[in-house]
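Note that these values count all heavy atoms, side chains included, but never hydrogens, waters or copies made by symmetry. Note on naming: letters A, B, ... go to the chains in the order of the sequence lines (proteins, then strands), and numbering restarts at 1 for each one.
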Amino acid sequence: MFDNARRTHTCGELRPLDVGRRVVLQGWAQNARDMGGVVFINMRDRHGIIQVVADERCPDAVRQAAAGVHLEYVVEVEGTVALRASANPKLATGLVEVVAASVTILSRTPALPFSIEGHISANEDLRLQYRYLELRRPELQKNLIMRHRASLAVRRYLDSEGFVEVETPILTKATPEGARDYLVPSRVHAGQWYALPQSPQIFKQILMVAGMDRYFQIVKCFRDEDLRADRQPEFTQIDIEVSFATRALVMELATNLVRTVWKEMLDHDVGELPVISYTEAISRFGVDSPDTRFGMEHSDVTAQLRATEFGVVRGPLDAGGIAKVFVVKGGGASVSRKQLDAWTLFVRTYKLGGLLYGKVGSPWTGPLAKLSEAEQSAIIAASGAIDGDLVLLGAGTYAAVNAGLGKLRAAVAKELGLVPPGFSFVWVVDFPSFELDEESGRWMAVHHPFTSPRPEHIALMGTGREGEMFADAYDLVCNGYEIGGGSIRIHDPDVQSKVFAALGMTPEDAEQKFGFLLDALRHGAPPHGGLAFGFDRMAMLLCGTDNIREVIAFPKTASAQDLMSGAPSPVDPKQLRELHVRNTE
RNA sequence: GGAGUGGUAGUUAAGUCGGUUAUAACGCUAGCCUGUCACGCUAGAGGCCGCGGGUUCGAGUCCCGUCCGCUCCGCCA
């Protein structure tokens with residue numbers, strides 16, 4: 001493997017069978033211990049760690065050279081493999097060591113800004129500034145290797161299913177719909193701009209018109225929106241599109257992709273994936289990307305409490321709101337007042353005014369003790385609570401109750417340690433086509449404007465009943481993360497035009513913004529559909545982390561900066577002049 | 001755009017009611033040590049307490065502003 005290199009072995013591969021072998025190793029000094037007469041150096045590369053020793057068997061010059069090795073120096077050691085006097089069971093190479101015949105320092109470093117060995121201790125901004133040091137840590141190297149292997153598995157699977165990987169442009173046309181675009185000024189065309197793609201959506205549909213049949217691409221996408229722990233402004237998608245596809249076919253292909261990747265990466269059998277409707281997801285979990293590893297499902301008690309005299313509940317119901325509950329088993333005794341207060345603050349961030357709780361017993365205690373016995377019995381009947389349980393109730397608008405209790409359900413499960421390890425996948429289907437934007441009062445596409453409505457709902461467009469339409473869309477959810485989403489697309493240009501009109505675009509608008517797609521659809525478009533996986537989130541789950549930065553080599557901070565390179569940064573005025581751009585600040 | 005939280009030697013943290021010379025561990029430097037593996041021992045260097053104002057006889061500590069990290073809300077077709 002290293003025929004043309006001086007390095008004969010990696011630091012992770014030597015074993016007792018190699019004793020007596022002459023080797024040349026190159027790597028980083030993980031740890032250097034000078035005992036006076038004998039010097040030990042733990043050498044590390046990405047394959048492992050091995051102990052090098054310089055003692056009385058070595059010339060004085062070698063011992064001196066070894067004593068001059070400091071943390072994270074890059075060294076070359078030539079020597080002979082020997083059995084160790086005392087083994088180190090913590091190292092895979094722990095039965096052997098290399099007795100140095102020469103020690104050469106290849107590269108030096110000043111004192112490190114943080115320690116690479118052991119547990120993470122430094123603040124994240126420092127670790128991002130020195131990302132190359134952070135990336136020496138085995139945990140991150142393991143994640144990058146997992147990511148690499150997953151992308152290979154994806155390509156192998158899709159290739160075996162007849163998919164062709166096609167690259168689509170990075171410099172594309174700005175689309176005013178959806179997320180903010182990253183814009184790139186054109187030098188040649190003064191005042192005109194490219195946009196970086198939010199997704200290759202339109203290009204892949206046009207590839208279907210082109211007869212490409214089964215397309216995929218592992219591709220960078222860009223959205224100029226604020227970040228989260230699971231969201232970066234540039235991210236990688238596994239983008240898939242299939243001609244002549246039904247929803248069932250796309251879902252089957254995607255399921256098999258996930259099944260293959262989880263089997264090959266983790267030897268984990270994902271089993272059969274349940275399918276629930278969007279409506280059912282909201283009803284049972286309050287959110288459209290539910291974590292289904294645990295229970296605590298919601299129960300609607302609006303009807304049961306319709307006539308309650310408890311004003312805090314009655315008020316929202318009279319205003320047209322709803323009331324839902326979920327149950328913390330045994331929580332009557334184990335959950336503290338302090339936790340309940342924190343949860344109340346938590347649901348307020350989702351515009352849910354408050355959280356009402358009751359400890360089930362005879363009588364109940366807590367705010368829900370104010371309900372009548374009949375009402376308490378009705379809650380017990382609806383939720384299955386028993387004596388000793390904690391009932392959490394939210395009353396307010398439909399959106400606030402679902403969001404507040406839905407996010408609280410996940411937070412409570414995590415806080416109380418009720419989330420079992422493993423993976424729980426679920427397909428969520430039948431999303432609404434449109435939702436009303438409160439600011440503008442206009443219909444917005446829930447998925448995107450190219451998503452086909454369910455065929456039986458197409459006639460509702462333009463009747464004012466757009467809110468009743470459902471889309472032929474589907475999301476794949478794992479452990480509460482949306483890891484994939486897609487739809488059957490519109491292949492009829494007339495239907496596509498009607499959707500643009502429903503979204504408030506004039507025909508001229510639609511032609512100007514999406515004319516090239518409409519033109520393509522007019523030239524013999526096959527029925528088609530597809531989906532895209534969030535590859536970073538998939539890698540997160542495979543690596544067992546909940547932070548997307550741990551599966552990206554060079555991630556950005558929450559304010560979208562690269563602390564290592566310093567991007568974004570001011571540019572030379574000459575560059576701006578060439579691009580016909582002027583700074584206003 | 002908003003909320004929460006953090007910012008004190010190179011690093012991680014402690015710092016009480018506003019009061020002497022701002023502590024500790026790791027790292028670093030020097031010396032000692034022949035089997036360590038979180039080596040050990042001795043000594044030493046190292047600080048604009050994020051930054052800018054203010055209150056006070058006196059501010060790491062209280063107040064106002066601001067910058068940066070993280071988490072969340074909005075946003076993310």
Side-chain angles (χ1 to χ4, degrees), chain A residues 30-43 49-58 63 67 70-72 82 84-91 93-94 97 99 109-130 133 175-181 198-199 201-202 221-233 235 342 345-352 400 403-404 407 411 431 433-435 437-439 443-451 471 473 482 485 487 499-500 503 513-514 534 546-547 549 556-559 561 563:
Chain A
Q30 162 108 358
N31 189 326
R33 301 175 298 281
D34 180 355
M35 317 299 296
V38 56
V39 180
F40 298 98
I41 299 169
N42 282 2
M43 257 175 89
I49 296 171
I50 184 148
Q51 174 167 284
V52 171
V53 62
D55 60 11
E56 74 282 354
R57 290 167 288 185
C58 309
R63 283 204 256 181
H70 294 246
L71 280 185
E72 295 302 313
R84 286 167 62 138
S86 56
N88 184 349
K90 292 182 201 161
L91 297 183
T93 61
E97 63 189 359
V99 182
T109 171
L112 298 174
F114 53 84
S115 165
I116 288 167
E117 195 179 5
H119 291 289
I120 295 169
S121 60
N123 274 332
E124 189 154 9
D125 49 350
L126 198 68
R127 283 151 47 205
L128 286 171
Q129 189 188 338
Y130 294 94
L133 297 180
T175 53
E177 305 288 314
R180 290 188 191 91
D181 287 318
Q198 300 174 26
S199 108
Q201 179 61 34
I202 296 177
C221 302
F222 307 85
R223 291 176 192 176
D224 187 6
E225 296 293 347
D226 287 343
L227 290 78
R228 289 285 189 281
D230 62 351
R231 224 160 72 189
Q232 285 270 309
F235 58 98
L345 286 177
F346 178 85
V347 299
R348 283 206 182 126
T349 65
Y350 300 92
K351 301 268 182 345
L352 181 56
K407 297 286 189 174
F431 286 76
S433 283
F434 305 103
E435 64 187 354
D437 180 53
E438 285 178 18
E439 272 180 40
W443 292 109
M444 307 281 282
V446 168
H447 194 62
H448 57 52
F450 321 111
T451 297
E482 182 201 326
S487 62
V499 168
F500 288 147
L503 293 172
K513 292 169 182 168
F514 299 112
D546 54 10
N547 189 324
R549 296 185 296 276
K556 292 186 172 56
T557 67
S559 59
Q561 286 179 293
L563 294 181

- [ ] Look at the rings of A:Phe514 and A:Phe500 and say which category their plane angle falls in: under 30° parallel, 30 to 60° tilted, over 60° perpendicular.
- [x] parallel
Say you pick atom [atom1] in [N] and the same atom in [M]; how far apart are they, in whole Å?
N: B:A14; M: B:G7; atom1: P; value: 7 Å
N: B:G69; M: B:G35; atom1: C1'; value: 44 Å
N: B:G6; M: B:G44; atom1: C1'; value: 33 Å
N: B:G60; M: B:G54; atom1: P; value: 15 Å
N: B:A22; M: B:U16; atom1: P; value: 15 Å
N: B:G10; M: B:G50; atom1: P; value: 13 Å
N: B:G52; M: B:A59; atom1: C1'; value: 15 Å
N: B:U23; M: B:C62; atom1: C1'; value: 23 Å

Of the listed nucleotides ([options]), which one gets closest to any side-chain atom of [X]?
X: A:Ala179; options: B:C76, B:G35, B:C37; value: B:C76
X: A:Met35; options: B:C37, B:U34, B:U71; value: B:U34
X: A:Gln51; options: B:U71, B:U36, B:C76; value: B:U36
X: A:Tyr350; options: B:C72, B:G35, B:G69; value: B:C72
X: A:Arg228; options: B:U71, B:C73, B:C37; value: B:C73
X: A:Arg63; options: B:C72, B:G35, B:U34; value: B:U34

Rounded distance in Å - [atom1] ([X]) to [atom2] ([N]):
X: A:Arg231; N: B:U71; atom1: CZ; atom2: P; answer: 12 Å
X: A:Leu71; N: B:U11; atom1: CG; atom2: C1'; answer: 13 Å
X: A:Lys90; N: B:U36; atom1: NZ; atom2: P; answer: 13 Å
X: A:Tyr130; N: B:G69; atom1: OH; atom2: P; answer: 16 Å
X: A:Phe346; N: B:A3; atom1: CZ; atom2: P; answer: 19 Å
X: A:Arg33; N: B:A38; atom1: CZ; atom2: P; answer: 8 Å
X: A:Asp34; N: B:C28; atom1: CG; atom2: P; answer: 13 Å
X: A:Lys407; N: B:G74; atom1: NZ; atom2: P; answer: 8 Å

Open item on the list: Whether A:Asp230 and A:Arg228 form a salt bridge (side-chain N of Lys/Arg under 4.0 Å from carboxylate O of Asp/Glu) is what I want to check.
Closed with: no
Open item on the list: Tell me whether A:Glu225 is salt-bridged to A:Arg231, with the criterion being a basic N under 4.0 Å from an acidic carboxylate O.
Closed with: no
When you measure from the side-chain N and O atoms of [X] to the phosphate of [N], is any distance below 4.0 Å, counting only OP1 and OP2?
X: A:Lys351; N: B:G74; result: no
X: A:Ser559; N: B:G69; result: yes
X: A:Ser115; N: B:U11; result: no
X: A:His70; N: B:U29; result: yes
X: A:Asn31; N: B:C39; result: yes
X: A:Gln561; N: B:G69; result: yes

Open item on the list: At 4.0 Å (heavy atoms only), tell me whether A:Glu97 reaches a base, stays on the sugar-phosphate, or touches nothing.
Closed with: base
[N] base / [X] side chain donor-acceptor hit below 3.5 Å:
X: A:Ser86; N: B:C37; value: yes
X: A:Arg348; N: B:G2; value: no
X: A:Arg84; N: B:C37; value: yes
X: A:Arg223; N: B:C76; value: no

Task: Syn or anti for B:C17 (syn when the glycosidic angle lies within 90° of 0) - done: syn
Does [N] have a Watson-Crick or wobble partner in any strand here, with both distances under 3.5 angstrom, and which is it?
N: B:A43; value: B:U29
N: B:U12; value: B:A24
N: B:G19; value: B:C57
N: B:G6; value: B:C68

- [ ] If a protein heavy atom is under 4.0 Å from the base, mark B; if only from the sugar-phosphate, S; if neither, -; do that for nucleotides 5-10 of chain B going 5' to 3'.
- [x] -----S
Task: A:Arg180 atom CZ, neighbour heavy-atom count above 12 within 6.0 Å - done: no
Open item on the list: Using heavy-atom distances to pick each residue's nearest nucleotide on RNA chain B, tell me which of A:Glu124 and A:Glu56 is more 5'.
Closed with: A:Glu56
Open item on the list: Both A:Asp226 and A:Leu128 contact RNA chain B. Taking the nearest nucleotide for each, which residue is further toward the 5' end?
Closed with: A:Leu128
Task: A:Arg549 backbone acceptor or donor facing A:Asn547 side chain under 3.5 Å - done: yes
Task: Under 3.5 Å donor-acceptor, A:Asp181 side chain and A:Thr175 backbone - done: yes
TODO: Using a 4.5 Å cut-off on heavy atoms from C-beta on, say whether the side chain of A:Glu72 contacts that of A:Ile116.
DONE: yes
